[in-house]
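Right, one structure below, let's go through it.
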Amino acid sequence: MSLRTLVQMTIAQATIVSRNVSYWLISIFIAVFSMAVFGWLFNPETRAFDLAIADQDRSQSSEALVQAFTSVENADISRDSLQKEMERFNDGDRAAVLVIPNGFADRLSRGRAAVRVAFDNSDLIRAGYVQTTVNAVIDKYNREVVGVRDAVVVRSQAQETASTRFIDFLTPGMVGMTIMWTNLAVGYMLITWREQGILRRLGVTPLRPGALIASQAMSFALISLAQAVIILAMGRLVFDVHINGSYILLGVTVVLGVMAMLSIGYVIASFLRTITAANAVGNLVAFPMMFLGRSYFPLDAPTALQPIVKALPLTYLNDALRDLINHGNGIGDLWLDWAVLAAWTAGGFLLSIRVFRWQ
Amino acid sequence: MSALLRAGNAAAPSPALGDVVLALEGLTKRYGDLVAVDAISFEVQQGEIFGILGPNGAGKTTTLEMIEGLRTPDAGRITLLGLDAVRQRRKVQERIGVQLQSQALWPELRVDETLKVFGALFPRRLSVDSMVERFALAEKRRSLVKDLSGGQKQRLSVATALVNDPEVVFLGLLALPAVSHVRQDNGPHTLFSHDAAATLAGLMDLSGKNGAQVKDLHVRTATLEDVFISLTGRRLRD
Ligand SMILES: Nc1ncnc2c1ncn2[C@@H]1O[C@H](COP(=O)(O)OP(=O)(O)OP(=O)(O)O)[C@@H](O)[C@H]1O
Ligand SMILES: [Mg+2]
């Protein structure tokens, strides 16, 4: 297989896919639509939540801060002792508990004070907008009441996911989901080519199946990298979703995800003959995988489904993307995800090279 | 029972005229109990137009597809351009041009992009410029394939089969005017077809050219009736 063949086949196929606008745009559209829905629709302005405030300082300053929260329309404020509110919080009756500690006014007068906030992380969507709301109110208090930026800082208490807004959680999942849809569709494309006689046509040239598959993998990797850039740029610009990890590791993860999904697409194309069948099976694979693979929710599937969740390549792709984008993790946390994706790739490609037919 | 129809061009300039380009020996293909191609043997010489005609289901397409490398024979040998067409399939495919029955083009690519990518599949290729010129597609070179007319698509399809400057050309169902493009350039191609219309067009084009005459018309292993049936789909007695 010559380099020229590989390069020209890659260019041609990337061109074909990019000119089939609906092909790559639909999955991006679903991703962007989902981000808009969860980023805006479920934002702090629209859903009420229970916020407990334990004012241990009982000063003028702390009272002013409590007032600032009382004026927030969608927060139902309750004020009780810290102990009682924590009990309710642990029962799941409070979305968050804000503690204004003793000596708050003192410290504020010296320039810097802190409040503590405990978030209930069991509902990530709620945790996201509760945190956004608390931060917004404190910012406003700093600006309008104290007149000093960062005079009051928030110490979040829920660990691990405390900094994860739902949109932060969702964005990597949308990248993973888009990679899945775009690349599974290679099966659909191959069957269309077979029906149009294009595979037979290529079969009477010296092109090897391996070269076709390699060039296809490269063109789909290019397309998917572009899709990931679009989604992540939208996340950054519109929803302020930060990429904490390395771009290189992110690129590698995307490419490994592309390969794993392509290999499934090839298996579909190898065993099915008609476009309708490929569509049906493709959807049958993609829809459950989209949800079970944790694209949208940190869902804990029923134990019966856990083995499936643990086997799905999308689970590992999404996990690696979140490790990178949300937590800025390094290779130490990625290698298992990468290994599973590579295993899917190897298995799928070996199987489809064995059963591949030009016609 | 197939008819093998052949014509040689007496005035063809190639010194290699008369060389055996393709030889089949006992070529056989079975589909389960059905023997689709039954130990068929023949030779085709350089510069010949060779038509293989016969009733539907006679095994013409199967024979051609074995030669082109799309199907593996159950028995027999195919020697094409001095190579074993089964075991040295890709080496053979580098030097032949195949126009299949369907146009088999990517609708989303432009004319020039199509010729470029097909050319890149071969170690040797003719320039995109010369191909669009020769197939009267220069004005359309930046058009998408899906926006071409039927005849233009047909010409492009033949052009992709000739982009590697093949020594032997295999023609499927084909619009008649395209055949003259096939034989336009200097060296005589060996033209091989299992389509009656394409074979006739090749013969007519050949006999129409200055000094060229149909030298030879063999009908083998078949009665004229078989040929007639394949040309018209009717029986002589009807
Ligand atoms: N893939 C296949 N599986 C089983 N039988 C097949 C297959 N392909 C062809 N055949 C059978 O083999 C025989 C020869 O078919 P072939 O297509 O070579 O005929 P043909 O001479 O090209 O006919 P036509 O003039 O109709 O094109 C037919 O009886 C056909 O039904
Ligand atoms: Mg046929």
Side-chain angles (χ1 to χ4, degrees), chain A residues 1-25 182 185-186 188-216 218-220 222-223 275 353-359, chain B residues 61 64-72 80 83 85 88-110 112-125 128 144-147 153 156-158 160-161 163-164 166 168-173:
Chain A
M1 88 177 68
S2 79
L3 187 63
R4 183 192 188 100
T5 306
L6 274 184
V7 170
Q8 290 300 328
M9 281 296 287
T10 302
I11 294 175
Q13 291 178 93
T15 308
I16 289 167
V17 175
S18 65
R19 283 187 190 151
N20 273 310
V21 176
S22 60
Y23 194 84
W24 57 270
L25 200 60
T182 302
V186 76
Y188 175 82
M189 185 167 119
L190 275 176
I191 291 177
T192 310
W193 287 10
R194 196 189 280 134
E195 287 205 342
Q196 292 172 342
I198 291 175
L199 284 187
R200 275 166 59 82
R201 178 68 185 84
L202 294 173
V204 295
T205 71
L207 179 69
R208 290 167 189 280
L212 174 68
I213 289 174
S215 60
Q216 219 148 37
M218 287 196 285
S219 49
F220 275 81
L222 287 177
I223 299 277
I275 293 179
I353 283 191
R354 284 185 144 243
V355 296
F356 185 82
R357 294 281 173 274
W358 290 109
Q359 47 188 341
Chain B
T61 302
L64 234 80
E65 288 185 347
M66 286 189 285
I67 302 170
E68 294 159 356
L70 279 175
R71 287 180 198 278
T72 320
L80 182 49
L83 300 166
Q88 293 165 291
R89 181 158 74 90
R90 294 208 161 73
K91 279 260 163 292
V92 168
Q93 284 174 331
E94 288 174 1
R95 293 164 60 190
I96 64 174
V98 180
Q99 204 267 336
L100 295 171
Q101 315 215 354
S102 63
Q103 286 163 351
L105 300 167
W106 285 289
E108 303 90 348
L109 288 188
R110 299 191 316 233
D112 51 354
E113 291 166 341
T114 303
L115 290 167
K116 186 159 193 189
V117 70
F118 271 103
L121 304 180
F122 298 91
R124 207 162 63 100
R125 72 201 71 82
V128 172
L144 294 179
V145 168
K146 65 172 173 226
D147 297 332
K153 276 185 205 154
L156 179 60
S157 174
V158 179
T160 63
V163 75
N164 59 328
V168 186
V169 180
F170 296 83
L171 297 177
L173 287 173

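Order of the sequence lines sets the chain letters (A, B, ...), proteins ahead of strands, with each chain counted from 1.
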Original post:
What is the minimum heavy-atom distance between B:Leu109 and A:Ala12, and which atoms define it?
Top reply: CD2-O, 3.8 Å
**OP:** Counting only heavy atoms closer than 4.5 Å, note whether B:Thr114 contacts chain A via side chain, backbone, both or neither.
**Re:** neither
Original post:
Listed by chain and number, what are the ring pair (Phe, Tyr, Trp, His ring centres under 6.0 Å) partners of A:Phe220, not counting sequence neighbours?
Top reply: none
Subject >> Any A:Leu199 side-chain heavy atom under 4.5 Å of A:Leu212 side chain >> reply: yes
Subject >> Engaged part of B:Leu105 at the chain A interface, taking heavy atoms whose separation is under 4.5 Å >> reply: backbone
Original post:
Can you name the residues that form a ring pair (Phe, Tyr, Trp, His ring centres under 6.0 Å) with A:Trp193, not counting sequence neighbours?
Top reply: B:Trp106
Subject >> Per-residue contact mode, A:Arg4 against chain B (heavy atom under 4.5 angstrom) >> reply: both
**OP:** Please report the closest heavy-atom contact between B:Glu108 and A:Asn20, naming both atoms and the distance.
**Re:** OE2-ND2, 3.0 Å
Subject >> chain A contact via B:Arg125 - which portion, at a heavy-atom distance below 4.5 Å >> reply: side chain
Original post:
Using a cut-off of under 4.5 Å for heavy-atom pairs, which of B:Glu94, B:Glu113, B:Lys91 has the most such pairs with chain A?
Top reply: B:Glu113
